[in-house]
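Some notes on the structure that comes next.
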Amino acid sequence: MPTNYEQLREENIARNKKLLEGLMKKNAIEDARRPQPKRTRRVDRKSAPGKPKKRMQRTDDDEIEDPHPIKRARPETPQSGVRRSQRNAGKAIPDYQAESQQARLPRLVTTKVGVDHDRDPNRPSGKRIHDPKTFGHIPGIPVGTWWESREDCSNDAIHAPWVAGISGSNEGAYSVALSGGYEDDIDMGDYFTFTGSGGRALRGTKTNPKNLRTAPQSSDQSFEHSFNKALKISSETRKPVRVIRGFKLPSPYAPFEGYRYDGLYTVEEAWMEQGLNDGGFLVCKFAFRRVPGQPPLQVKAEGEADDNHDEDSASFTA
DNA sequence: GGGCCCGCAGGG
DNA sequence: CCCTGCGGGCCC
């Protein structure tokens with residue numbers, strides 16, 4: 001670990017944060033200049049007296065005009081404060097205080113891997129009914145849909161790869177997964193930075209061969225890499241990219257467990273910088289912006305935020 | 001907690 | 001075919 005690791009970390013985070021804030025400001029100005037879009041929801045009925053509002057205060061579970069209602073989980077609701085570890089996924093959740101919570105909240109759905117979802121009866125178990133290699137939303141999968149595993153998410157055609165964070169082609173990227181693999185990525189919800197793929201020694205070394213699926217950075221990334229190239233193309237075509245957030249992402253916008261579809265984003269910038277890795281290898285970076293007009297992002301409640309960023313006591317390494 | 005190693009889907 | 005990939009299960 002280089003001695004300037006901490007410094008690089010600070011620099012990267014500060015620079016990327018600044019970049020995102022710049023984008024945010026710029027877009028806010030542009031949006032204000034643009035003619036107001038037509039309202040799709042009627043919010044201007046100024047609470048006529050005696051007429052109770054149809055819709056209660058919006059909660060995380062509210063769905064806006066979703067023609068395909070499905071069962072959704074509430075991954076942000078800790079069950080008795082127990083954070084389920086990955087290896088418990090698939091097993092039943094210990095149901096500690098059943099009634100009190102279930103009266104108010106939808107049950108945390110824990111469909112087993114491989115078992116059919118009840119979300120779409122048309123889909124045979126484990127099979128897709130939609131093509132993940134398309135741009136934009138997938139029919140029947142509203143923003144906010146949650147899965148226990150990447151496999152389930154893949155079956156719903158939101159993000160095809162089970163492991164890889166980017167899915168795309170020479171037409172651009174279809175989807176990305178935010179799983180917290182890069183420490184200096186910043187997630188501000190509507191804006192985030194994202195690191196490309198490649199440059200990892202998945203096969204280990206000659207003397208110590210391995211057969212890994214993920215590994216530490218061991219060489220420079222490049223925009224020649226097809227996935228990174230796809231994202232760069234997306235930054236030029238401005239086609240929307242589906243985004244899922246995973247439980248490992250150290251962010252208030254990450255789900256408490258599993259994976260969640262957070263809607264469409266555009267790639268605003270693509271650049272390279274020294275990555276926060278043991279060796280200072282270059283990485284491809286991208287800045288994303290959430291397409292306006294989508295259901296609000298779900299945010300972790302107070303007290304269940306990830307510890308990762310809470311303590312500034314340089315406890316990032318073990 | 002960490003290490004190991006696997007199936008799998010997708011791309012070349 | 002082979003190789004890759006910010007998963008996931010199992011064992012320690």
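Atom set for the values below is all heavy atoms of this structure, side chains included, hydrogens, waters and symmetry mates excluded. Chain A is the first sequence line, chain B the second, and so forth, proteins listed ahead of strands; every chain is numbered from 1.
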To the nearest Å, how far apart are [X] [atom1] and [N] [atom2]?
| X | N | atom1 | atom2 | result |
| --- | --- | --- | --- | --- |
| Arg213(A) | dC3(C) | CZ | P | 12 Å |
| His159(A) | dC8(B) | NE2 | C1' | 13 Å |
| Leu231(A) | dG5(C) | CG | C1' | 14 Å |
| Asn155(A) | dG7(C) | CG | C1' | 14 Å |
| Glu151(A) | dC6(B) | CD | P | 19 Å |
| Lys210(A) | dT4(C) | NZ | C1' | 18 Å |
| Leu212(A) | dC8(B) | CG | C1' | 16 Å |

Note: with side-chain heavy atoms under 4.5 Å as the link, the other cluster members for Leu212(A) come out as none

Residues joined to Tyr174(A) in its hydrophobic cluster, side chain to side chain under 4.5 Å directly or through other members, sorted by chain and number, are Phe135(A)

Charged N to carboxylate O below 4.0 Å: is that the case for Asp187(A) and Arg245(A)? yes

Problem set entry | Salt bridge present between Lys285(A) and Glu269(A) (N-O < 4.0 angstrom) | no

side-chain contact (heavy atoms from CB on, under 4.5 Å) filter on Asp131(A), not counting sequence neighbours, yields Lys133(A), Thr134(A)

Across all chains, not counting sequence neighbours, the side-chain contact (heavy atoms from CB on, under 4.5 Å) partners of Ser219(A) are none

Step-by-step side chain to side chain contact (heavy atoms under 4.5 Å, CB included) determination, Arg289(A) to Asn27(A):
CA-CA 9 Å; Arg289(A) 178 201 182 194; Asn27(A) 286 319; 3.4 Å; yes

Parsed dot-bracket for DNA chain C after applying the Watson-Crick and G-U rules with both distances under 3.5 Å and | for other-strand partners is |||||.||||||

Looking at [X], does any N or O in its side chain come under 4.0 Å of the phosphate oxygens OP1/OP2 on [N]?
| X | N | result |
| --- | --- | --- |
| Asn211(A) | dC6(B) | yes |
| Ser179(A) | dG7(C) | yes |
| Lys248(A) | dG7(C) | yes |
| His225(A) | dT4(C) | no |

Under 4.0 Å, heavy atoms only, any strand: does [X] hit a base, just the sugar-phosphate, or nothing?
| X | value |
| --- | --- |
| Gly165(A) | sugar-phosphate |
| Ile166(A) | nothing |
| Gly198(A) | sugar-phosphate |

Between the protein and nucleotides 9-12 of chain B, which nitrogen or oxygen pairs are less than 3.5 angstrom apart?
from: dG10(B); atom 1: OP1; to: Arg128(A); atom 2: NH1; distance (Å): 2.7
from: dG10(B); atom 1: OP1; to: Arg128(A); atom 2: NH2; distance (Å): 3.0
from: dG11(B); atom 1: OP1; to: Gly168(A); atom 2: O; distance (Å): 3.3
from: dG11(B); atom 1: OP2; to: Lys133(A); atom 2: NZ; distance (Å): 3.0

Taken in chain and number order and not counting sequence neighbours, the residues that satisfy ring pair (Phe, Tyr, Trp, His ring centres under 6.0 Å) with Phe288(A) are Phe192(A), Phe194(A)

Sorted by chain and residue number, the ring pair (Phe, Tyr, Trp, His ring centres under 6.0 Å) partners of Phe281(A) (sequence neighbours excluded) come out as none

Residue pairs passing the salt bridge (charged side-chain N to carboxylate O under 4.0 Å, His left out) test with at least one member in residues 213-238 of chain A, sequence neighbours excluded, are Arg238(A)-Glu268(A)

| message | Tell me if the side-chain of Arg150(A) makes a donor-acceptor pair with the base of dG5(C), cut-off 3.5 Å, by modelled atom types. | response | no

